[in-house]
K.L.:
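Take a look at the following structure, please.
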Amino acid sequence: MPVDKGSECMSQQYDSGRYRQWRKKKRMLWLRRAGLLLCAVILLVAAVAGTLALLSPEETVSPVVETPAKPSAAPTTLEKPAVPTLKADKDTVEMGSFVDAQYAVLVDVTEGRIVAQKQPEVPKYPASITKMMTLLVAVENIPDLEATFEISYAITDPGYQQGASMAGFKNKEQVKLRDLLYGCILPSGADATAALEVVVGGSEEGFAAMMNQRAEELGLKNTHFVNSSGLHSGDHYTTPLDMALILMEAMKNETCRKVLTTVKYTSASTPQNPEGLTWESTMFERMYGDEPTGATIIGGKTGYTYEAKHTMASYAEGDNGHDYVIVTMGGSGNYKATYDHINILSRYVGGATDGFYPKE
């Protein structure tokens with residue numbers, strides 16, 4: 001029987017259209033079921049999250065909300081104890097002509113105020129009172145003062161060549177670090193400070209950077225160090241007021257205080273110095289200790305270079321229960337520097353009006 005080609009074509013088109021409709025219905029049904037399943041999953045997750053939130057409210061995560069940025073607070077850091085800012089007040093007096101030094105300050109440590117002054121904030125060369133900062137930085141950064149350091153010609157020769165005061169250590173001598181501290185302060189030894197530079201800072205530059213960092217921590221605005229000894233450099237300077245703050249800070253440290261208040265000390269025995277080295281404080285050797293001042297000087301440091309002239313810093317305990325610091329710079333003689341401190345205490349702490357010690 002002949003096949004009707006037209007009918008067969010019509011039938012194929014019909015079947016094809018019906019198949020497409022069936023597939024469309026099936027796809028819609030599948031999408032509907034998938035949507036229902038997705039909703040169910042979302043509801044289940046929400047229910048679980050809600051339950052966890054009720055059980056552990058402190059662990060829930062708040063939604064992120066964008067807000068305008070605000071300046072953040074400075075991070076909390078552990079810092080060294082704050083040093084007071086010393087300023088003159090209505091009761092501060094200008095020192096009279098009886099003070100030989102060109103620049104000076106008397107601070108009442110107990111009250112944290114300037115009692116008397118004479119150009120106290122003019123930057124000048126400090127000479128060896130620099131070593132008070134050297135002592136402070138060294139003590140704060142040496143964990144074991146019983147450890148030793150070997151002295152070499154590289155340590156001693158520069159000081160001898162520059163005509164600096166020396167403690168007297170010898171080549172290849174194994175010196176206790178504690179003895180370096182006393183050698184730095186009492187005889188003002190440049191060999192001791194050079195050794196401390198290497199022990200603590202690795203070099204003169206490294207140690208000077210540590211000194212300047214400590215000065216910054218103390219809030220000193222007119223101080224800059226380039227070495228540990230105080231030998232002259234145009235970029236090495238401080239003021240009487242800044243140096244007073246350094247001495248005040250050093251006296252808070254038990255080890256620094258002990259060194260600065262020692263009159264005489266003998267270093268440990270070594271093969272190079274079997275009897276040790278005995279030093280006497282360059283400051284105390286110029287005093288009798290019974291000067292009538294209204295206060296007793298218990299510690300400090302002297303200094304001298306041709307450019308700086310005579311400098312001195314002292315710490316005193318007043319008969320009135322107050323502590324005092326005096327710093328003088330630009331003095332014309334070593335004993336004049338000593339008498340300046342005695343006279344300043346006599347006048348402004350002891351209340352004397354005459355009978356000052358004579359000056360050279």
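Heavy-atom basis, side chains included; hydrogens, waters and symmetry copies ignored. Just so we're clear, the structure is a prediction, and the values are computed from it rather than from any experiment.
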K.L.:
Do the non-hydrogen side-chain atoms of Leu260 and Met132 ever get within less than 4.5 Å of each other?
P.N.:
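Yes - at least one pair of side-chain heavy atoms lies under 4.5 Å apart.
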
K.L.:
What is the minimum heavy-atom distance between Val122 and Pro240, and which atoms define it?
P.N.:
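Scanning both residues completely, I find the closest heavy atoms to be O-CD, 4.0 Å.
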
K.L.:
How about Gln117 and Met95: do any of their side-chain heavy atoms sit closer than 4.5 Å?
P.N.:
no

K.L.:
Look at the side chain of Thr92 and the backbone N and O of Ile114, then say whether any donor-acceptor pair between them is shorter than 3.5 Å.
P.N.:
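Present.
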
K.L.:
Is the CD atom of Glu94 crowded by more than 12 outside heavy atoms at less than 6.0 Å?
P.N.:
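Enclosed: over 12 neighbouring heavy atoms sit under 6.0 Å from CD of Glu94.
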
K.L.:
Rounded to the nearest 0.5 Å, what separates atom OG in Ser152 from atom NZ in Lys170?
P.N.:
15.5 Å

K.L.:
Determine whether a donor-acceptor pair (N or O, by modelled atom type, separation under 3.5 Å) exists between the side chain of Thr261 and the backbone of Arg257.
P.N.:
yes

K.L.:
Side chains of Phe225 and Thr223: closer than 4.5 Å at any heavy-atom pair?
P.N.:
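A side-chain contact exists here, since the closest heavy-atom pair is under 4.5 Å.
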
K.L.:
Which atom names give the shortest non-hydrogen contact between Val99 and Ala104, and what distance separates them?
P.N.:
CG1-CB, 4.4 Å

K.L.:
Report yes if the side chains of Lys258 and Tyr182 come closer than 4.5 Å at any heavy-atom pair, otherwise no.
P.N.:
yes

K.L.:
How close do Asp191 and Gly168 get, heavy atom to heavy atom, and via which atoms?
P.N.:
OD2-N, 3.0 Å

K.L.:
Kindly work out whether a path of hydrophobic side-chain contacts (I/L/V/M/F/W/Y, heavy atoms less than 4.5 Å apart) joins Met251 to Leu136.
P.N.:
yes

K.L.:
Could you walk me through whether Ile246 and Leu220 pass the side chain to side chain contact (heavy atoms under 4.5 Å, CB included) check?
P.N.:
CA-CA 9 Å; Ile246 291 172; Leu220 309 185; 3.6 Å; yes

K.L.:
If you round to the nearest 0.5 Å, how far is CD of Gln162 from OG1 of Thr305?
P.N.:
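Rounded to the nearest 0.5 Å, the OG1-CD separation comes out at 11.5 Å.
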
K.L.:
Does Glu307, at its CD atom, have more than 12 non-hydrogen atoms belonging to other residues, nucleotides or ligands within less than 6.0 Å?
P.N.:
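Above 12, so yes.
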
K.L.:
Would the number of heavy atoms belonging to other residues, nucleotides or ligands and lying under 6.0 Å from OH of Tyr160 be above 12?
P.N.:
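Counting other residues, nucleotides and ligands, OH of Tyr160 exceeds 12 neighbours.
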
K.L.:
Please name the pair of heavy atoms, one in His341 and one in Ser314, separated by the smallest distance, quoted to 0.1 Å.
P.N.:
ND1-OG, 2.7 Å

K.L.:
Are Ile297 and Tyr324 connected into the same hydrophobic cluster when the rule is that any two of I, L, V, M, F, W, Y join if their side-chain heavy atoms are below 4.5 Å apart?
P.N.:
yes

K.L.:
So, the side chain of Lys124 versus the backbone of Tyr103: is there a donor-acceptor pair under 3.5 Å, distance only?
P.N.:
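Looks like no, no N/O pair under 3.5 Å.
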
K.L.:
Once you round to the nearest 0.5 Å, how far does CG of Asn212 lie from CZ of Phe207?
P.N.:
10.5 Å

K.L.:
Kindly assign one of parallel, tilted or perpendicular to the pair His232 and Tyr125, based on the angle between their ring planes and the thresholds 30° and 60°.
P.N.:
perpendicular

K.L.:
Has Thr262 got a side-chain atom pairing as donor or acceptor with Lys264's backbone, closer than 3.5 angstrom?
P.N.:
no

K.L.:
Kindly indicate whether the side chain of Tyr315, heavy atoms from C-beta on, has any atom under 4.5 Å from the side chain of Val109.
P.N.:
yes

K.L.:
Cut-off 3.5 Å, side chains only: do Asp179 and Tyr265 have a donor facing an acceptor?
P.N.:
yes

K.L.:
Could you walk me through whether Ser228 and Thr134 satisfy the side-chain hydrogen bond (donor to acceptor under 3.5 Å, both in side chains) test, starting with their C-alpha distance in whole Å, then the side-chain angles of each, then the deciding distance to 0.1 Å, before giving a yes or no?
P.N.:
CA-CA 6 Å; Ser228 63; Thr134 302; 4.6 Å; no

K.L.:
Would you say the side-chain atoms of Ser188 pair up with the backbone N or O of Ile185, donor to acceptor, closer than 3.5 Å?
P.N.:
no

K.L.:
Going by atom types only, do Asn222 and Thr239 share a side-chain donor-acceptor pair under 3.5 Å?
P.N.:
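Thr239 and Asn222 do not have a side-chain donor-acceptor pair below 3.5 Å.
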
K.L.:
Between the side chains of Arg214 and Glu140, is the shortest nitrogen-to-carboxylate-oxygen separation below 4.0 Å, so that they form an ion pair?
P.N.:
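Salt bridge present between Glu140 and Arg214.
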
K.L.:
Donor-acceptor pair, distance only, cut-off 3.5 Å: does the side chain of Asp323 make one with the backbone of Glu317?
P.N.:
no

K.L.:
State the CD1-CG distance between Ile129 and Leu247, to the nearest 0.5 angstrom.
P.N.:
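One gets 9.5 Å once the value is rounded to the nearest 0.5 Å.
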
K.L.:
Looking only at atom types and distance, does a side-chain atom of Thr130 sit under 3.5 Å from a main-chain N or O of Ala127, one as donor and one as acceptor?
P.N.:
yes

K.L.:
Is there a side-chain hydrogen bond (donor to acceptor under 3.5 Å, both in side chains) between Asn273 and Glu173? Walk through the geometry before answering.
P.N.:
CA-CA 8 Å; Asn273 288 297; Glu173 184 174 5; 3.0 Å; yes

K.L.:
Which atom pair, heavy atoms only, marks the closest approach of Lys131 to Gly189?
P.N.:
CE-O, 4.2 Å

K.L.:
Is Lys252 salt-bridged to Glu249, cutoff N-O under 4.0 Å?
P.N.:
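So Lys252 pairs with Glu249 through a salt bridge.
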
K.L.:
Tell me whether Asn253 contacts the main-chain N or O of Thr255 through its side chain, where contact means a donor paired with an acceptor under 3.5 Å.
P.N.:
yes

K.L.:
Distance from Phe149 atom CZ to Ile155 atom CD1, nearest 0.5 Å?
P.N.:
4.0 Å

K.L.:
Find out whether Val327 and Met312 are in side-chain contact, i.e. whether some heavy atom of one side chain is under 4.5 Å from a heavy atom of the other.
P.N.:
no

K.L.:
As a quick check of understanding, evaluate ring pair (Phe, Tyr, Trp, His ring centres under 6.0 Å) for Phe169 and Trp279, giving each step before the final call.
P.N.:
CA-CA 12 Å; Phe169 299 117; Trp279 307 301; 5.8 Å; yes

K.L.:
Let me see the working for Asp108 and His322 under side-chain hydrogen bond (donor to acceptor under 3.5 Å, both in side chains), right down to the final yes or no.
P.N.:
CA-CA 7 Å; Asp108 184 326; His322 289 207; 2.8 Å; yes

K.L.:
Verify the cluster assignment for Leu180 and Tyr153: are they in a single hydrophobic cluster under the rule of side-chain heavy atoms below 4.5 Å apart?
P.N.:
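The answer is no; the residues belong to distinct hydrophobic clusters.
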
K.L.:
Can you find a pair of side-chain heavy atoms, one from Met243 and one from Val325, that are under 4.5 Å apart?
P.N.:
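The answer is no; the side chains never approach within 4.5 Å.
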
K.L.:
How far apart are the C-alpha atoms of Val263 and Glu285, what are their side-chain angles, what is the distance that settles it, and do they pass the side chain to side chain contact (heavy atoms under 4.5 Å, CB included) test?
P.N.:
CA-CA 8 Å; Val263 177; Glu285 69 182 6; over 6 Å; no

K.L.:
Could you walk me through whether Glu205 and Asn227 pass side chain to side chain contact (heavy atoms under 4.5 Å, CB included), step by step?
P.N.:
CA-CA 7 Å; Glu205 295 77 12; Asn227 60 60; over 6 Å; no

K.L.:
Hey, mind stepping through Lys176 and Glu146 against salt bridge (charged side-chain N to carboxylate O under 4.0 Å, His left out) and telling me if it holds?
P.N.:
CA-CA 6 Å; Lys176 286 188 176 182; Glu146 295 305 307; 3.0 Å; yes

K.L.:
Within a strict 4.5 Å, meaning less than it, do heavy atoms of the Lys301 and Met283 side chains meet?
P.N.:
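They are not in side-chain contact.
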
K.L.:
Answer with yes or no whether the hydrophobic clustering places Met329 together with Leu231; edges join I, L, V, M, F, W, Y residues whose side-chain heavy atoms lie under 4.5 Å apart.
P.N.:
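No, it is not one cluster - the side chains of Met329 and Leu231 are not joined through contacts under 4.5 Å.
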
K.L.:
Check the pair Val107 / Val115 against side chain to side chain contact (heavy atoms under 4.5 Å, CB included), numbers first and verdict last.
P.N.:
CA-CA 6 Å; Val107 174; Val115 177; over 6 Å; no

K.L.:
Please report the shortest heavy-atom distance between Gly159 and Ala190, naming the atom on each side.
P.N.:
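Between these two residues, the closest heavy atoms are CA-CB, 4.5 Å.
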
K.L.:
Linking I/L/V/M/F/W/Y whenever any side-chain heavy atoms sit under 4.5 Å apart, do Met166 and Val199 land together?
P.N.:
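In one cluster: no.
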
K.L.:
Nearest 0.5 Å, what's the CG-OG1 distance between Asp100 and Thr328?
P.N.:
8.5 Å

K.L.:
Look at the side chain of Thr311 and the backbone N and O of Pro126, then say whether any donor-acceptor pair between them is shorter than 3.5 Å.
P.N.:
yes

K.L.:
Return yes if a side-chain donor-acceptor contact under 3.5 Å exists between Thr293 and Ser346, otherwise no.
P.N.:
no

K.L.:
Got a donor-acceptor contact below 3.5 angstrom from the Asp242 side chain to the Thr238 backbone?
P.N.:
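Answer holds: no.
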
